[in-house]
Amino acid sequence: MAQDKAPPPAGARQVRYRIDKMDCPVEERLIRNRLEPMAEIVRLDFNLLARELTVYHRFDDPQPIADALSSLDMAPRLLEAGAPAAALPPALSLRLKILLAISGLSAVGAEAIAWATGKETSWPVLILVALSILSAGLPTLKKGWIAVKNRTLNIYFLMSLAVVGAVLIGKWPEAAMVIFLFAVAEAIEALSLERARNAIRALTALAPETAEVQTADGWREQPPAEVPVGSRIRVRTGARVPLDARVDSGHAALNQAPITGESLAVDKQPGDPLYAGTIVTDGVVEAIVTAAAGDSTLARIATAIQDAQAQRAPTQRFVDQFAHYYTPAVVVVAALVAVLGPTLLGGGWGEWIYQALVILVIACPCALVVSTPVTVVSGLAAAARHGILVKGGVFLEGGHRLKAIAFDKTGTLTRGEAALTDAATLGDMPLERALLIAASLDEHSTHPVARALVDGWRELQPAASLLPVDTFKVLTGRGVRGFVEKQEWFLGNHRLVEELGVCSPELEKRLELLEQSGKTAVVLIEPTGPVAVFGVADTLRPESAQAVAGLKALGIATVMLTGDNQRTADVIAKQLGIEDARGNLLPEDKQRVIAELKARHGEVGMLGDGVNDAPALARADIGFAMGAAGTATALETADVAIMDDDPRKLARFIDLSRHTAAILKQNIALALGIKVVFLGLALAGQATLWMAVFADMGSSLLVVFNGLRLLRK
């Protein structure tokens, strides 16, 4: 299981900048080329959607970093540590709209005069061309000059070279049209990125601005950031929950879709958790705050999404590497066309230079570069909207390669709410006494089977107290041990009985009967031998069978892993339609099984609780955590976190991953295919500069809108 984000480098200082002029991978590459060669720079983390750059460095004073960014005309602004992301300006301001309008009218006017008079270099044409370039083209030309100074051949360099070349060979109207159309394409791409950015923001900016808090003076409205843990809050019908809390009084129905993706309202009563950002649809509750505003589930989701979209998926890394070599190659090809064309094929120098400029414009890798981040961010937003939190583009794209899914049983395929179903003694000890000792031991364990035994005792003896336990120890995968009233006791499963060597034909028969019926057998053992047997059964989630069927429909093999005995595993697996069930597994055994499944099937995913199954989750190619909305550790450690307890979302994630991978491939084919067609036209002398820009702009918009389709998935 890959980590969602690399830890900060040891010994490195950290500085964070807001860079309003950094809104696409082209600027990211320019910054990398400028900063990474500096010996004191350790690592760069980019967040293009938030337009933020985090630099890990070993400078005594980070001023050289700011100077380097300023030399790229990036206008960096230092952000204080821990400062929230500031609101971004709109992608298309009124000033930019006016400048684009002036540039467009001037370019069209220049083309019209040149067509009417037959002269492309007259004074009226020159004035309009100059006005068009000054209105919308200066940022492009400036970025192109900066790229040249920093020995970076990017899109702006290619466009600047094409415009300057067109002016020098007397194609003034076309120079204006090229710069105008490129500015329009940039604006539309910025709007598309803003739409993806807004999709992310809509998922995370859900907490209300105030909370109704009980104070010494009564109920008062306070900002959530000022409400301490342990405060009492009140949430009424129609209001959003301001902070993570636990219901103390009242009953209400809540819409938890913003957090878990559940389509139906969930009833809440005393003791149930509330998540910040969820909506009370009916009722009024008073609750005790359990987490500060910055530590709420919603805040953790926001952080996870920001970290995820800042990472590059494999296809994005490939495209970046491809563009690194592709752009210089295009410049070389264009130069060869300009130089060798007149010599080998005849014709005037101006004609061949013009075709070389057309090639430069057509070959711009803009569509390739911009398509992958938009597609990945759209996929992340679509998944989060349905309660699936993906921790990086690498996992979103990698899900389509999964060939098998391994399920933990307890709490994943089953409810994890086991109940005590059987209790019997093996000797003279009263059953009530045996159950009391067993419950006293299990009171110190968090395992679902242990909780079921304790709850079963409390139902029978609601007013009684448990016995103190000394030297308590968890025997991983087997049970527990402790001293009760100065006597050593063991409480555990069939494996523990065999390890202690206290099994007998009578006990074996009892255990076999329980296990054949799909129950977990628990044996209470004193130094002289077993004294009681208990049966605990867990109930299946109603969605589990559908989850398994959904994965099978996608061609995914399913395997169940559990620490319970093999008979119980087989009974549960048969009910769910799982053909491969492995029982009696310790955590390290599950890890070994995952390695075995990878060798047999290929890439494997593991669905567990994100804590107890950590070794197996780490060994899997993608680790999935169930019910992460209520488990901070699961939310932080999983590659993909399913925010509610619905295993059917595994199939939805894989389906979304397949669509994402397909769209990424479609975008690459579209971008390169259109360029190949127009390159052929250019070499045949049938393409013009403005046609080349239309082709580049059209391919860019096609791949962007194709990527945005995932928002509707």
Side-chain angles (χ1 to χ4, degrees), residues 1 4 199 203 255-266 275 278 297 300-301 304-305 308 378-393 395-416 540-560 576-578 603-610 613 617 620-631 634-661 710-713:
M1 181 177 71
D4 57 307
L203 290 165
N255 174 4
Q256 296 191 151
I259 302 296
T260 65
E262 295 168 284
S263 58
L264 299 177
V266 179
Y275 303 122
T278 56
T297 301
R300 297 198 306 272
I301 291 173
I305 292 177
S378 299
L380 293 172
R385 184 184 299 136
H386 294 286
I388 306 172
L389 185 62
V390 187
K391 303 294 281 295
F395 307 117
L396 175 65
E397 188 177 344
H400 80 281
R401 292 190 293 269
L402 293 178
K403 302 300 181 184
I405 296 290
F407 292 90
D408 173 51
K409 179 182 76 69
T410 305
T412 302
L413 294 172
T414 63
R415 293 183 181 275
L540 288 174
R541 295 184 185 278
E543 308 89 359
S544 294
Q546 298 175 36
V548 173
L551 290 171
K552 285 186 174 181
L554 294 173
I556 306 295
T558 55
V559 183
M560 188 178 77
L576 296 174
I578 295 177
E603 296 200 13
V604 174
M606 169 71 186
L607 178 64
D609 61 11
D613 299 304
L617 288 168
D621 293 286
I622 300 181
F624 299 87
M626 280 281 285
T631 311
L635 182 62
E636 292 162 3
T637 60
D639 299 324
V640 178
I642 297 175
M643 302 307 292
D644 59 0
D645 293 325
D646 191 347
R648 293 176 297 182
K649 290 183 178 177
L650 269 179
R652 296 182 191 175
F653 166 76
I654 293 174
D655 183 56
L656 176 64
S657 177
R658 291 180 178 181
H659 276 81
T660 301
L710 286 173
L711 289 175
R712 301 194 302 271
K713 177 62 180 171

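What you see is a predicted model, and the numbers here were worked out from it, not measured in a lab.
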For [X], enumerate each residue passing the side chain to side chain contact (heavy atoms under 4.5 Å, CB included) test, keeping only those at least two apart in sequence or located in another chain.
{"X": "Ala651", "result": "Leu551, Leu554"}
{"X": "Thr278", "result": "Val241, Leu254, Gln256, Ile259, Tyr275"}
{"X": "Ala404", "result": "Ala557, His601, Val604"}

Let me confirm one number: the [atom1]-[atom2] distance from [X] to [Y], rounded to the nearest 0.5 Å.
{"X": "Met606", "Y": "Ile622", "atom1": "CE", "atom2": "CD1", "answer": "14.0 Å"}
{"X": "Asp644", "Y": "Glu543", "atom1": "CG", "atom2": "CD", "answer": "8.0 Å"}
{"X": "Lys403", "Y": "Ile556", "atom1": "NZ", "atom2": "CD1", "answer": "7.0 Å"}
{"X": "Leu413", "Y": "Leu607", "atom1": "CG", "atom2": "CG", "answer": "7.0 Å"}

Looking at every heavy atom in both [X] and [Y], which two are closest together, and how far apart are they?
{"X": "Ala383", "Y": "Val390", "answer": "CB-CG2, 3.9 Å"}
{"X": "Lys391", "Y": "Val640", "answer": "CG-N, 4.4 Å"}
{"X": "Gly398", "Y": "Ser657", "answer": "C-OG, 4.1 Å"}
{"X": "Gly387", "Y": "Lys649", "answer": "CA-NZ, 4.1 Å"}
{"X": "Ala620", "Y": "Gly605", "answer": "CB-C, 4.1 Å"}

So, do Leu389 and Met643 sit near enough that their side-chain heavy atoms are less than 4.5 Å apart?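 Yes, side chains in contact.
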
Sub-4.5 Å side-chain heavy-atom contact between Leu650 and Phe407: yes

Positive for side chain to side chain contact (heavy atoms under 4.5 Å, CB included) with Phe624, one of Ile388, Asp639, Ile405: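 Checked Ile388, Asp639, Ile405 against Phe624; only one passes side chain to side chain contact (heavy atoms under 4.5 Å, CB included): Ile405.
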
Positive for side chain to side chain contact (heavy atoms under 4.5 Å, CB included) with Leu710, one of Leu656, Leu396, Leu380: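 The residue from Leu656, Leu396, Leu380 that satisfies side chain to side chain contact (heavy atoms under 4.5 Å, CB included) with Leu710 turns out to be Leu656.
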
Under the salt bridge (charged side-chain N to carboxylate O under 4.0 Å, His left out) test, residues paired with Glu603 that sit two or more places apart: Arg401

Tell me if a side-chain donor or acceptor on Arg541 pairs with a main-chain N or O of Thr414 at a distance below 3.5 Å. yes

Donor-acceptor pair, distance only, cut-off 3.5 Å: does the side chain of Ser378 make one with the backbone of Leu711?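 Side chain of Ser378 to backbone of Leu711, a donor-acceptor pair under 3.5 Å: no, none is there.
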
